[in-house]
Engineer: 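Just passing along the structure, written as structure tokens.
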Amino acid sequence: MTLEQRIGYQFKNGKYLRRALTHSSYSNESREKPECNERLEFLGDAVLSLVVSNYIYHRFHLNEGDLTKIRASIVCEKSLFRFAGEIGLGEELYLGRGEEQMGGRTRPSIVSDAFEALIAAIFLDGGLEPASRFILRFVREELDTGERSAFVDYKTMLQEIVQKNPEEKVSYVLVDENGPDHDKHFVVEVRLNSNVIGRGEFRSKKGAEQLAAKEALELMGE
């Protein structure tokens, strides 16, 4: 399967794709000195921010600070590197010999920058609509996993409700933890006094607690 098939977009002008995949190390070593992807990265960063901002603005009725946190978590290097890995972008890059030998294909900074450059390439070749479709394919999945629940502070919301009754006490209990260190899985129960009112499962204890609190709030009709 080609890269274009994996990303779900067929370029009308292949030069944009080629440029998005060209790292500065390759450009510097090449006799032809092709343009590298740094300018595309600059544009792609702006397109990515716009699309993500618009999407989370309409999806979440949160204040500016919380929206900013969610956006930052999605457009950060760690997330972009993971997105790029889903389409095998690192293997498609044009790298200089030195960068190749130093493992540039798996270097998060290089691969995440190339992902932003690819966004810009799609934008320049086909416009905002296909660029948005490409971006939202990853963003929706990221948000739907529940990981971003950590940025909607359900624990604080639950605590504020419970505090209205001073005799009530909320506690979070880790009831299960399994998996290897690099792929842990946590199960947490939130209890009101001794009664279980919510349960959350996630890859981090904090995320599991947030999902447990979210379930408790839903139970309360909040």
Side-chain angles (χ1 to χ4, degrees), residues 1-11 14 16-27 36-53 55-56 69-126 130-151 178-186 201-204 206-208:
M1 186 181 290
T2 66
L3 178 60
E4 286 176 298
Q5 289 173 325
R6 295 197 298 274
I7 67 176
Y9 181 77
Q10 185 75 38
F11 280 86
Y16 290 124
L17 177 59
R18 172 82 183 203
R19 191 181 305 161
L21 301 175
T22 302
H23 187 253
S24 58
S25 62
Y26 181 89
S27 181
C36 71
N37 62 10
E38 290 177 353
R39 280 165 44 83
L40 282 178
E41 176 205 338
F42 165 79
L43 178 59
D45 177 71
V47 175
L48 174 65
S49 183
L50 172 63
V51 172
V52 172
S53 297
Y55 181 73
I56 63 176
K69 288 178 183 178
I70 295 174
R71 182 181 62 192
S73 74
I74 294 172
V75 303
C76 69
E77 181 180 287
K78 181 179 178 181
S79 293
L80 298 184
F81 180 62
R82 187 168 64 253
F83 300 159
E86 293 180 24
I87 57 173
L89 187 59
E91 296 305 311
E92 303 289 342
L93 300 181
Y94 296 98
L95 301 175
R97 288 186 297 274
E99 196 61 64
E100 181 84 62
Q101 293 170 358
M102 293 173 65
R105 294 189 186 280
T106 58
R107 185 174 297 177
S109 59
I110 289 177
V111 179
S112 61
D113 286 351
F115 188 81
E116 290 183 322
L118 179 59
I119 289 170
I122 296 172
F123 172 72
L124 290 174
D125 188 72
S132 296
R133 283 199 306 268
F134 174 67
I135 294 167
L136 292 178
R137 158 186 167 184
F138 300 96
V139 172
R140 289 194 183 103
E141 181 180 349
E142 186 82 346
L143 291 168
D144 290 344
T145 61
E147 184 166 7
R148 302 308 157 196
S149 295
F151 297 98
N178 54 66
D181 288 342
H182 68 278
D183 190 23
K184 283 284 189 183
H185 184 78
F186 299 87
E201 301 181 25
F202 200 61
R203 297 189 297 270
S204 68
K206 179 181 178 181

Engineer: Looking at every non-hydrogen atom in both residues, tell me the closest pair between Tyr55 and Arg140 and how far apart they are.
Structural biologist: OH-CG, 3.3 Å
Engineer: May I ask you to test the Leu93-His23 pair for a side-chain heavy-atom distance under 4.5 Å?
Structural biologist: no
Engineer: Could you state the interatomic distance from OG (Ser109) to CG (Leu80), rounded to the nearest 0.5 Å?
Structural biologist: 12.0 Å
Engineer: Is it the case that the side chains of Arg133 and Tyr9 hold a donor-acceptor pair, with the cut-off being a distance below 3.5 Å and no angle test?
Structural biologist: no
Engineer: Kindly determine whether Phe134 and Val47 satisfy side-chain contact (heavy atoms from CB on, under 4.5 Å), including the steps that lead there.
Structural biologist: CA-CA 11 Å; Phe134 174 67; Val47 175; over 6 Å; no
Engineer: What distance do Leu17 atom CG and Gln10 atom CD have between them, rounded to the nearest 0.5 Å?
Structural biologist: 9.5 Å
Engineer: More than 12 heavy atoms of other residues, nucleotides or ligands under 6.0 Å from CZ of Arg39: yes or no?
Structural biologist: no
Engineer: Test side-chain contact (heavy atoms from CB on, under 4.5 Å) on Ile122 and Tyr16 and set out the steps.
Structural biologist: CA-CA 8 Å; Ile122 296 172; Tyr16 290 124; over 6 Å; no
Engineer: Under 3.5 Å, side chain of Ser79 to main-chain N/O of Cys76, donor-acceptor pair present?
Structural biologist: no
Engineer: Identify the heavy atoms of Phe81 and Ser112 that sit nearest to each other, and give their distance.
Structural biologist: N-CB, 4.0 Å
Engineer: Quick check: closest heavy atoms across Met1 and Arg6, and the distance to 0.1 Å?
Structural biologist: O-NH1, 2.7 Å
Engineer: Determine, for Glu86 against Arg137, whether the closest basic-nitrogen to carboxylate-oxygen distance falls under 4.0 angstrom.
Structural biologist: no
Engineer: If you look at every heavy atom in Val111 and Arg105, which pair is closest and at what distance?
Structural biologist: CG2-O, 3.2 Å
Engineer: Does Gln5 reach the main-chain N or O of Thr2 with its side chain, forming a donor-acceptor pair under 3.5 Å?
Structural biologist: yes
Engineer: Can you tell me how far the NZ atom of Lys69 sits from the CZ atom of Arg71, to the nearest 0.5 Å?
Structural biologist: 13.5 Å
Engineer: Does any N or O in the side chain of Ser49 come within less than 3.5 Å of the main-chain N or O of Ala46, such that one atom is a donor and the other an acceptor?
Structural biologist: no
Engineer: For the residue pair Leu43 and Leu124, establish whether any side-chain heavy-atom pair is separated by less than 4.5 Å.
Structural biologist: yes
Engineer: Rounded to the nearest 0.5 Å, how far apart are CZ of Phe83 and CD of Glu141?
Structural biologist: 8.0 Å
Engineer: Mind listing the closest non-hydrogen atom pair of Leu40 and Ala120 along with its distance?
Structural biologist: O-CB, 3.1 Å
Engineer: From Glu77 CD over to Asp113 CG, what is the distance, rounded to the nearest 0.5 angstrom?
Structural biologist: 7.0 Å
Engineer: Between Phe138 and Phe115, what is the ring plane arrangement, given parallel below 30°, perpendicular above 60°, and tilted in between?
Structural biologist: perpendicular
Engineer: Determine yes or no for a side-chain-to-main-chain donor-acceptor pair under 3.5 angstrom, with Glu38 supplying the side chain and Ser24 the backbone.
Structural biologist: no
Engineer: When rounded to the nearest 0.5 angstrom, what distance separates CG in Leu95 from CG in Leu21?
Structural biologist: 10.0 Å
